[in-house]
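As structure tokens, the structure follows; a few thoughts come after it.
Small disclaimer: the values here were computed from a predicted structure and weren't measured. Throughout, protein chains are lettered first and strands after them, A, B, ... in sequence-line order, and every chain is numbered starting at 1.
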There are 2 protein chains.
Amino acid sequence: MNNNTRFTVAIHILTLLAYCGPEPLTSEFIAGSVNTNPVVIRRILANLRQAGLVSSQGGPGGGWQLLKAPETVTLRQVFLAMEETSIFPLHSSDPNPLCPVGRTIQQALMRRFQSAQVALEQDLDRTTIAQLVQNVSEDC
Amino acid sequence: MNNNTRFTVAIHILTLLAYCGPEPLTSEFIAGSVNTNPVVIRRILANLRQAGLVSSQGGPGGGWQLLKAPETVTLRQVFLAMEETSIFPLHSSDPNPLCPVGRTIQQALMRRFQSAQVALEQDLDRTTIAQLVQNVSEDC
DNA sequence: CTTATCCGTAACCATGATGGTTGCGATATT
DNA sequence: AATATCGCAACCATCATGGTTACGGATAAG
């Protein structure tokens, strides 16, 4: 499965935005919590903005804000905002079309993988950013 | 999510073994269907053997055979045999422990991701190698 | 209007994962 | 003995990923 941490960081960012209240947070501040470079944060936030989850504002006092109530943002929405392709990639080189299995396996797998991804997304849809904020607060 | 094709190739191999009947198939023959190098095939088959799904035999006339009826082998078993770590990796560098969110987010995420993975596996468990063989046959 | 912030984005780099390849020893069949 | 096949280590090219620098543009504060 995918080996990048963008989904994890995206959730982290949104949880932080929800936790720290309505004031805008700068990418530098967020990077301090995530422990990475501000540009990495902005790259991910660009996707979240494209998905309508956050807005950005330049200049002093600027930064990033949530556009939706944390109760209404599910992990599924975040997952989709990251534009991951498929959770399971197919063959790196196309299989042998002269083999009955090679000729047909990819189409069959695409259907199965799609089904699995739907199941995954349905589970992700059951968790909201608000719930994660709740978790953090409990831990204090 | 993970970006490797081992799961896909593993399913391909097992489907081929089930489709081509009980005679052993060589890694070279399998590689011809998958369109890759025999060593790549053997690497994946080593995992499947470790999981008790196939057996291997050296020497002329040797090769690989299924150890279980295709009706009893689900995609979940294949998935687990590949020993993928977690479908969603956590941060590459640990988040800031001085931040309330950074300090607690990983544990919360591990729980959520675990839940999502269970949902995924449950869906994978609904498909057997026999069903994939059926798909191939229909297509002929 | 000038200055200090802050975002937006391109470009580059180091690192690691992945798949492909070669080589050779071990094993089993004939 | 000869052949076919696995087992496995070693190496390599390619690519994805995250980190970093750099710089232009926009905006708020004074």
Side-chain angles (χ1 to χ4, degrees), chain A residues 1-10 12-13 17 23-50 53-65 67 82-96, chain B residues 1-10 12-13 17 23-50 53-65 67 82-96:
Chain A
M1 16 224 83
N2 279 356
N3 244 350
N4 72 48
T5 64
R6 291 163 43 80
F7 183 41
T8 286
V9 175
H12 184 148
I13 293 172
L17 287 173
E23 291 79 35
L25 304 184
T26 70
S27 59
E28 189 171 357
F29 176 84
I30 299 172
S33 171
V34 175
N35 190 19
T36 182
N37 190 289
V39 177
V40 174
I41 299 296
R42 280 184 238 148
R43 284 206 273 247
I44 293 170
L45 277 164
N47 280 15
L48 295 177
R49 178 180 48 201
Q50 201 173 351
L53 298 178
V54 299
S55 66
S56 66
Q57 173 111 21
W64 300 82
Q65 287 175 300
L67 279 181
M82 290 302 103
E83 291 181 349
E84 307 291 357
T85 54
S86 176
I87 49 176
F88 298 122
L90 295 180
H91 308 67
S92 43
S93 305
D94 280 347
N96 187 346
Chain B
M1 15 223 85
N2 279 355
N3 243 351
N4 71 49
T5 64
R6 290 162 45 79
F7 183 41
T8 287
V9 174
H12 184 148
I13 293 172
L17 286 173
E23 292 80 34
L25 304 184
T26 70
S27 59
E28 187 172 357
F29 176 84
I30 299 172
S33 170
V34 175
N35 189 20
T36 183
N37 190 289
V39 178
V40 174
I41 299 296
R42 279 183 237 147
R43 284 207 273 246
I44 293 170
L45 277 164
N47 280 16
L48 295 176
R49 178 181 48 202
Q50 202 174 351
L53 298 178
V54 299
S55 65
S56 66
Q57 173 112 21
W64 300 82
Q65 286 175 301
L67 278 182
M82 291 301 103
E83 291 181 350
E84 307 291 357
T85 55
S86 174
I87 50 177
F88 298 122
L90 295 180
H91 307 66
S92 43
S93 305
D94 280 347
N96 187 346

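How far CZ of Phe88(B) is from CE of Met82(A): 12.0 Å, rounded to the nearest 0.5 Å. Going from atom CG of Leu53(A) over to atom CG of Asn47(A) covers 10.0 Å, rounded to the nearest 0.5 Å.
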Would you mind building the protein contact string for nucleotides 25-30 of chain C? One character per nucleotide, 5' to 3', B for base within reach (heavy atoms under 4.0 Å), S for sugar-phosphate only, - for untouched.
--BBB-
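A sub-4.0 Å separation between OP1 or OP2 of dC6(C) and a side-chain N or O of Ser56(A) is absent. Between Ser92(A) and dG19(C) there is no side-chain polar atom (N or O) within less than 4.0 angstrom of OP1 or OP2. Note on Thr5(B): a side-chain N or O is less than 4.0 Å away from OP1 or OP2 of dG19(C). Between Ser93(B) and the phosphate of dG18(D), there is no side-chain N or O to OP1/OP2 separation shorter than 4.0 Å.
Proximity of residues 30-39 of chain A to DNA chain C (heavy atom under 4.0 angstrom from any strand atom) is restricted to Val39(A).
Per the geometry, CD1 belonging to Ile44(A) stands 14 Å off P belonging to dC7(C), to the nearest Å. Computed from coordinates, the Arg42(B) CZ to dT5(D) P distance equals 11 Å when rounded to whole Å. If you take CZ of Phe7(A) and C1' of dG18(D), they are 19 Å apart, rounded to a whole angstrom. In this entry the distance linking CG of Leu45(B) with P of dG7(D) reads 9 Å, nearest Å. Gln65(A) has its CD atom 14 Å from the C1' atom of dC6(C), to the nearest Å. Look at CG on Asn4(B): it is 5 Å from P on dT18(C), rounded to the nearest Å. The CD-P distance, from Gln50(B) to dG7(D), rounds to 12 Å in whole Å. In this entry the distance linking CG of Leu25(A) with P of dT5(C) reads 18 Å, nearest Å.
Take Gln65(A) and apply the side chain to side chain contact (heavy atoms under 4.5 Å, CB included) test, not counting sequence neighbours, and it matches Pro24(A), Ser55(A). Taking Ser56(A) as the reference, Arg49(A) meet the side-chain hydrogen bond (donor to acceptor under 3.5 Å, both in side chains) condition, with sequence neighbours excluded.
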In residues 33-45 of chain A, what donor-acceptor pairs under 3.5 Å come from side-chain atoms, sequence neighbours left out?
| from | atom 1 | to | atom 2 | distance (Å) |
| --- | --- | --- | --- | --- |
| Ser33(A) | OG | His12(A) | NE2 | 2.8 |
| Asn35(A) | ND2 | Asp94(B) | O | 2.8 |
| Asn37(A) | OD1 | Val39(A) | N | 2.9 |
| Arg42(A) | NE | Ser27(A) | OG | 3.1 |

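Closest non-hydrogen pair, Trp64(A) versus Val54(A), comes out as CE3-CG2, 3.9 Å.
In this structure, His91(B) and Thr5(A) have side chains that are not in contact, with every pair of non-hydrogen atoms separated by 4.5 Å or more.
Comparing Gly63(B) and Val40(A) against DNA chain D, the residue whose closest nucleotide sits nearer the 5' end is Gly63(B).
A donor-acceptor contact under 3.5 angstrom links the side-chain atoms of Arg43(A) to the base of dG19(D).
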